[in-house]
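Inspection log for the structure reproduced underneath, given as structure tokens.
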Amino acid sequence: MSEVILVTGGGRGIGAATARLAARRGYAVCVNYAQAAGPAEALVEEIRGHGGQAFAHRADVAREDEVEGLFDAIDREFGRLTALVNNAGLTGPISRLDEAEGEVLRNVVAVNVLGVLYCARAAVRRMSTRHGGRGGAIVNLSSGAASLGSPGEYVWYAATKGAVDSLTLGLAKEVGGAGIRVNAVAPGMIATEIHAAGGDAGRLERIGNAVPIGRPGTAEEVAEPILWLLSEEARYTTGTVLRVAGGR
Ligand code: NAP
């Protein structure tokens with residue numbers, strides 16, 4: 001039986017690198033996206049072109065009904081999910097907290113925290129041996145920001161990633177006896193569009209070159225530890241946050 005993975009926000013950045021690598025490792029892949037259908041569909045075509053199985057599905061992870069629709073689509077297309085990567089996330093525009101719009105705060109918390117909870121819940125309902133599932137593994141995208149705090153940039157984003165760390169630990173303990181492992185990866189400065197989307201395209205070079213390893217990371221360098229955490233090689237690893245930040 002083939003492994004079935006959902007990568008939320010899988011059309012671009014770290015999510016796309018993860019979806020691509022998962023397909024290469026033999027997973028049937030659902031590439032979720034919120035708005036950018038083009039890159040998600042192109043990735044699906046690429047995976048199929050290499051003989052893999054994939055489909056794209058639009059859903060806003062902050063919307064409970066759309067998350068349910070996403071998981072139902074996977075049930076229909078591939079059968080029971082065995083791996084989830086809660087990757088979808090955003091920072092909102094860079095600013096101090098006292099200058100931030102309420103709508104930005106609400107949206108970032110909704111996507112980065114509620115989205116992870118909705119997807120993790122739907123995954124547990126399918127993976128848990130308590131629900132007749134065959135187990136599985138979840139990896140959540142945290143951030144180095146959770147422990148740095150991101151002052152002057154996006155303290156609300158850092159706070160959502162702190163929440164991701166807590167729910168990773170709690171859920172790992174809750175479902176450890178039901179065949180499910182739950183871990184997180186906390187990337188540092190990774191070369192994706194997230195920095196320009198936050199309004200500071202130069203951030204990556206400015207800060208990235210100052211990390212101890214001497215350069216920003218690539219999306220592939222985050223995808224590899226994610227796939228390791230999902231794999232049999234990590235079978236005794238759960239409830240941990242693996243920092244992938246070049247020493248930052
Ligand atoms: P990115 O290139 O900006 O891509 C973000 C992805 O999230 C896109 O695929 C986007 O979908 C999706 N997304 C956003 N809102 C969504 C929603 N409401 N529902 C479903 N999908 C949604 O970001 P990235 O740098 O790859 O980041 C991926 C994850 O890693 C995030 O959780 C981020 O916080 C975390 N992270 C990144 C860095 C870094 O330096 N890059 C560092 C630490 C942590 P569309 O394509 O449809 O817009």
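Counting convention: from 1, in listed order, for ligands and their atoms alike. We count residues from 1, following the sequence as given.
If you take OH on Y157 and CD1 on I94, they are separated by 11.0 Å, rounding to the nearest 0.5 Å. Taken from CG in N107 to CH2 in W156, the straight-line distance is 12.0 Å, to the nearest 0.5 Å.
When the options V104, V108, I194, N112 are evaluated for a side-chain contact (heavy atoms from CB on, under 4.5 Å) with T91, the one that passes is I194.
Protein residues having at least one heavy atom under 4.0 Å from any atom of ligand 1 are G9, R12, G13, I14, N32, Y33, A34, Q35, A36, A59, D60, V61, N87, A88, G89, V111, L141, S142, S143, Y157, K161, P187, G188, M189, I190, T192, E193, I194, H195, listed by chain and number.
R25 and S231 form no side-chain donor-acceptor contact under 3.5 Å, judged by distance and modelled atom types alone. Looking only at atom types and distance, the side chain of H195 has a donor-acceptor partner in the side chain of R203 under 3.5 Å away.
Annotation: Q35, atom CD; neighbour count of heavy atoms from other residues, nucleotides and ligands within 6.0 Å does not exceed 12.
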